[in-house]
J.: 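One structure coming up, written as structure tokens, with questions to follow.
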Amino acid sequence: MDDPIDSTRWQVKRTVAARERRMTPRDRRGPTSLVSSGTPVLLPILAAIAIIGGMRALNPRPGSAIAVDAATPGPVHTAESARPSAAEPHAALARRNVDVDVGAASRSKMYTSTDEAFLNPERGFHDNIDLVDETDLGWVRENGFTIARSYIRLDAYRDRDIAAAELARIARGFDAARAAGIKIIPRFAYNHDLGEDDTTMAWVARHLEQLAPLLERHADVIYVVQAGFVGAWGEWHGSTNDLDSPENKARVLALLLASVPVTRGVQLRYPADLMTRFPTPPSAAGELADPAQRRVGHHNDCFLSSDTDVGTYWPPSEKNVMQRYLDALTPWVAVGGETCQVSPDEARFECASTLAELERFHWDYLNPHFYEPAVAGWQAEGCYAEIDRRLGYRYRLTSASSPAAADAGSNVGITLTLANDGFGGIDNDRPVRLVLRRAGTGNETGREEVIDATLAVVARHGVDEDAGGEQASSGPFVASDVGLRAWAPWPGAAATVRLTFTLPAGIEAGEHAMELALPDPAPSLADRPAYALRLANADIWRPDTGRHALGLALTVREQARATATTGATATAGATATAGATPTATVGAASTATAGAEATATLVAGSTSTATPRPGSSPTATPSRAAPVGTGVPDESRLLHLPWLAR
């Protein structure tokens with residue numbers, strides 16, 4: 001593919017690259033600023049109160065929210081509003097953090113959003129570093145960044161193995177990133193200018209063979225890998241060894257997907273290369289003909305710089321086709337890049353165009369250092385702060401509800417509703433974790449129980465923008481052992497999910513405060529607050545632990561103990577009499593009404609029934625089965641699950 005870019009751009013990039021190499025940490029500048037609820041249905045059964053129930057995962061039209069009562073089949077209230085303005089974001093949805101009295105059986109809370117600019121992993125503006133030579137990267141986070149891009153130059157190894165000492169220096173750089181609390185966007189390249197040599201296909205294959213173990217060991221601090229290796233700057237054009245032929249590009253991408261850890265994605269520079277490798281775009285539900293497609297994103301390194309983004313969309317006659325392809329692909333993959341400049345009269349850097357395309361193509365990260373006049377224009381026109389806040393995901397909790405009390409050893413359900421005000425979503429999955437904190441008394445420090453939650457049942461809802469309304473639900477989605485990416489809301493929408501967890505049998509009785517954590521999945525980072533995802537809510541973030549205080553308390557009762565005599569009739573809590581038919585009674589009768597508080601002593605062979613609330617039906621806890629209807633193999637499902645939206 002010919003690239004119609006004149007020499008002016010390369011001169012500009014060379015000049016800026018030289019300037020960035022000369023910059024000291026002090027020279028680098030960061031960003032200028034860094035109502036609904038569902039009532040759980042309680043189903044008392046012998047030995048435990050299992051919190052189970054149908055719920056609907058809501059994805060309303062952007063700027064709207066839908067509340068669902070678990071006892072009512074369908075929405076009971078809809079609040080429509082336009083997208084909040086930059087001056088008053090979320091004003092229509094902001095609510096004071098307040099307890100909602102829904103009766104003795106459950107507790108609920110509404111949450112206040114915040115417009116604060118704060119650091120979050122794997123999103124936002126990025127800095128630029130030399131991973132090989134820099135050994136102290138603490139300044140990156142201090143300057144307001146959680147990600148940094150690094151060119152890793154292989155010029156000296158065009159015709160030989162990468163030296164062991166060089167591999168050790170790269171590893172040292174990843175170690176420095178880990179110590180600094182940041183993640184890296186690496187790009188390997190054999191040159192830094194148009195017309196300079198790259199290498200042969202055989203040496204690319206050998207170098208990736210050498211790099212694969214290193215990338216595997218340091219996957220925890222890799223955000224996404226830009227494809228690199230081919231041509232000038234590793235941007236997949238201008239190769240001096242025919243690496244940019246369609247056949248060789250396909251070989252390089254296959255080698256990258258085999259060498260980069262399966263938990264991480266890669267990014268290609270040109271939409272035409274994406275379309276060549278994956279001709280069929282994802283469906284509206286994110287279903288793919290080839291699961292590898294979910295690992296391959298896009299970096300646009302001439303964003304808004306001309307009508308074709310300086311050859312990004314080439315040939316120009318295919319621009320609309322390429323952009324429609326990106327419309328379908330970019331919600332599911334990592335997207336980022338930078339601006340550049342060729343001719344000032346061709347640029348489209350005004351705020352209206354910038355915000356529209358960042359939102360349309362779901363941008364996750366952006367270089368704020370290049371091209372400087374573009375960034376200065378955003379600052380002068382007043383949209384820089386909004387870009388800072390909205391790059392990638394920006395999840396906020398709107399409501400939560402949980403039971404007021406449960407027995408040790410029983411299953412418990414908690415319902416959460418989240419909204420997403422960002423341009424994109426998370427690209428690398430992470431667990432959803434609940435922490436129960438038992439306050440200490442006297443000189444005691446208290447205890448904590450950390451429990452991984454399981455996704456219970458989600459009903460898909462989407463938005464049909466062409467039809468101007470919402471699509472019908474495509475049916476229930478049942479999954480287990482999956483993280484936030486399986487249900488996190490679509491940009492501009494909201495989602496409600498029921499999470500279930502089992503209280504440990506030996507948990508201490510009494511009142512426990514509930515906290516929500518969204519930690520990094522890597523064991524090396526899981527306990528570090530710098531790598532925990534923070535929700536855009538006021539007054540609930542705990543920076544010392546990287547958790548969110550939900551403001552909900554769960555009273556844990558001691559686990560019920562079973563006593564029985566063979567052949568006896570028993571009433572809960574009573575001693576059985578021999579010779580009668582085994583039965584169990586909750587209270588005075590053998591029928592329990594869902595939502596009531598009840599305890600029982602287990603009796604061997606006993607039975608009990610539960611009557612649901614009017615308008616609801618008894619629901620069983622879903623089995624630990626794979627997702628239904630995703631069309632994605634298990635490995636890809638666990639690592640790259642889409643948002644269940646749109």
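If you read the sequence from its start, that first residue is 1, and numbering goes on from there.
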J.: Got a donor-acceptor contact below 3.5 angstrom from the Tyr395 side chain to the Ile426 backbone?
T.: yes
J.: Which pair of heavy atoms, one from Ala532 and one from Gly546, lies closest together, and at what distance?
T.: CB-O, 3.5 Å
J.: Without swapping roles, check the side chain of Arg264 against the backbone of Ile222 for a donor-acceptor pair under 3.5 Å.
T.: yes
J.: Taking the six-membered ring where the residue is Trp, are the ring centres of Tyr190 and His207 under 6.0 Å apart?
T.: yes
J.: Please give me the minimum heavy-atom distance between His218 and Ala171, naming the atom from each residue.
T.: NE2-CB, 3.7 Å
J.: Between Leu137 and Gly173, what is the shortest heavy-atom contact and its length?
T.: CD1-O, 4.0 Å
J.: Look at the rings of Tyr313 and Phe361 and say which category their plane angle falls in: under 30° parallel, 30 to 60° tilted, over 60° perpendicular.
T.: tilted
J.: Taking Asp130 for its side chain and Asp133 for its backbone only, find out whether a donor-acceptor pair lies under 3.5 Å.
T.: yes
J.: Quick one: does any side-chain atom of Asn420 pair with a main-chain N or O of Pro489 as donor and acceptor, under 3.5 Å?
T.: yes
J.: Find out whether the Lys NZ or Arg CZ of Arg534 is both under 6.0 angstrom from the six-membered ring centre of Phe118 and within 45° of the ring's axis.
T.: yes
J.: Nearest 0.5 Å please: distance from the CG atom of Leu516 over to the CG atom of Leu397.
T.: 7.0 Å
J.: Could you tell me if Trp541 and Glu116 have a donor-acceptor pair between their side chains, going purely by distance under 3.5 Å?
T.: no
J.: Is it true that Arg206 and Glu209 make a salt bridge, defined as a side-chain N closer than 4.0 Å to a carboxylate O?
T.: yes
J.: Search all heavy atoms of Trp236 against all heavy atoms of Leu268 and return the closest pair with its distance.
T.: CH2-CD2, 3.7 Å
J.: Any side-chain heavy atom of Asp242 sitting closer than 4.5 Å to one from Glu247?
T.: no
J.: Donor-acceptor check, side chain of Arg172 to backbone of Val132, threshold 3.5 angstrom: yes or no?
T.: yes
J.: What's the verdict on side-chain contact (heavy atoms from CB on, under 4.5 Å) for Phe423 and Val335, showing C-alpha distance, side-chain angles and the deciding distance?
T.: CA-CA 10 Å; Phe423 296 131; Val335 181; over 6 Å; no
J.: How about Asn248 and Val230: do any of their side-chain heavy atoms sit closer than 4.5 Å?
T.: no
J.: Would you mind checking if Asp327 and Arg360 are paired as a salt bridge, meaning a charged N to carboxylate O distance below 4.0 Å?
T.: yes
J.: Measure the shortest side-chain to side-chain distance between Val260 and Arg295 over non-hydrogen atoms and say whether it is less than 4.5 angstrom.
T.: yes
J.: Measure the CG-NE2 distance between Leu518 and His548 for me, rounded to the nearest 0.5 Å.
T.: 6.0 Å
J.: Step by step, would you call Leu326 with Leu274 a side-chain contact (heavy atoms from CB on, under 4.5 Å)?
T.: CA-CA 9 Å; Leu326 293 179; Leu274 287 162; 4.3 Å; yes
J.: For the residue pair Asn367 and Asp301, establish whether any side-chain heavy-atom pair is separated by less than 4.5 Å.
T.: no
J.: With a 4.5 Å cut-off on side-chain heavy atoms, are Arg123 and Arg394 touching?
T.: no
J.: Minimum heavy-atom separation for Arg430 to Pro121, with atom names?
T.: NH2-CG, 3.7 Å
J.: Under the criterion side-chain contact (heavy atoms from CB on, under 4.5 Å), I'd like the reasoning laid out for Arg158 against Asp198: C-alpha separation, chi angles, the key distance, then a yes or no.
T.: CA-CA 7 Å; Arg158 293 185 179 118; Asp198 46 21; 5.9 Å; no
J.: Is there a donor-acceptor pair under 3.5 Å between the side chain of Ser259 and the backbone N or O of Ala212?
T.: no
J.: Checking Ser150 side chain against Leu131 main chain: does a donor-acceptor pair fall under 3.5 Å?
T.: yes
J.: Show, in sequence, the C-alpha distance, side-chain angles and deciding distance for Thr146 and Arg141, and conclude whether the side-chain contact (heavy atoms from CB on, under 4.5 Å) test is met.
T.: CA-CA 6 Å; Thr146 63; Arg141 193 173 181 91; 3.6 Å; yes
J.: Return yes if some donor-acceptor pair links the side-chain N/O of Glu196 with the main-chain N/O of Asn191 below 3.5 Å, else return no.
T.: no
J.: Using a 4.5 Å cut-off on heavy atoms from C-beta on, say whether the side chain of Asp364 contacts that of Tyr223.
T.: yes
J.: Quick check: do Pro282 and Leu329 have side-chain heavy atoms less than 4.5 Å from each other?
T.: yes
J.: For Asp309 and Ser305, which heavy atoms make the closest approach, and how far apart are they?
T.: OD1-N, 3.7 Å
J.: Supply the atom-to-atom distance Phe174 CZ to Arg169 CZ, rounded to the nearest 0.5 angstrom.
T.: 14.0 Å
J.: Taking Ser283 for its side chain and Ala285 for its backbone only, find out whether a donor-acceptor pair lies under 3.5 Å.
T.: yes
J.: For the CD atom of Glu122 and the CG atom of Asp520, what is their distance to the nearest 0.5 Å?
T.: 6.5 Å
J.: Taking only Lys NZ, Arg NE, NH1 and NH2, and the carboxylate oxygens of Asp or Glu, determine whether Asp220 and Arg528 approach each other closer than 4.0 Å.
T.: no
J.: How long is the span from the CZ atom in Phe303 to the CG atom in Leu358, to the nearest 0.5 Å?
T.: 4.0 Å
J.: Report yes if some heavy atom in the side chain of Met201 is under 4.5 Å from a heavy atom in the side chain of Val252; otherwise report no.
T.: yes
J.: What do you reckon, is CG of Asp161 surrounded by more than 12 foreign heavy atoms closer than 6.0 Å?
T.: yes
J.: If you measure from the Lys or Arg side-chain nitrogens to the Asp or Glu carboxylate oxygens, is any gap between Arg269 and Asp244 under 4.0 Å?
T.: no
J.: Less than 4.0 angstrom from a charged side-chain N to a carboxylate O is my criterion; do Asp421 and Arg396 meet it?
T.: yes
J.: List the steps and the verdict of side chain to side chain donor-acceptor pair (under 3.5 Å) for Thr200 and Asn241.
T.: CA-CA 6 Å; Thr200 64; Asn241 288 277; over 6 Å; no
J.: Roughly how far, to the nearest 0.5 Å, is CH2 of Trp233 from NE2 of His192?
T.: 7.5 Å
J.: Taking Trp314 for its side chain and Val310 for its backbone only, find out whether a donor-acceptor pair lies under 3.5 Å.
T.: no
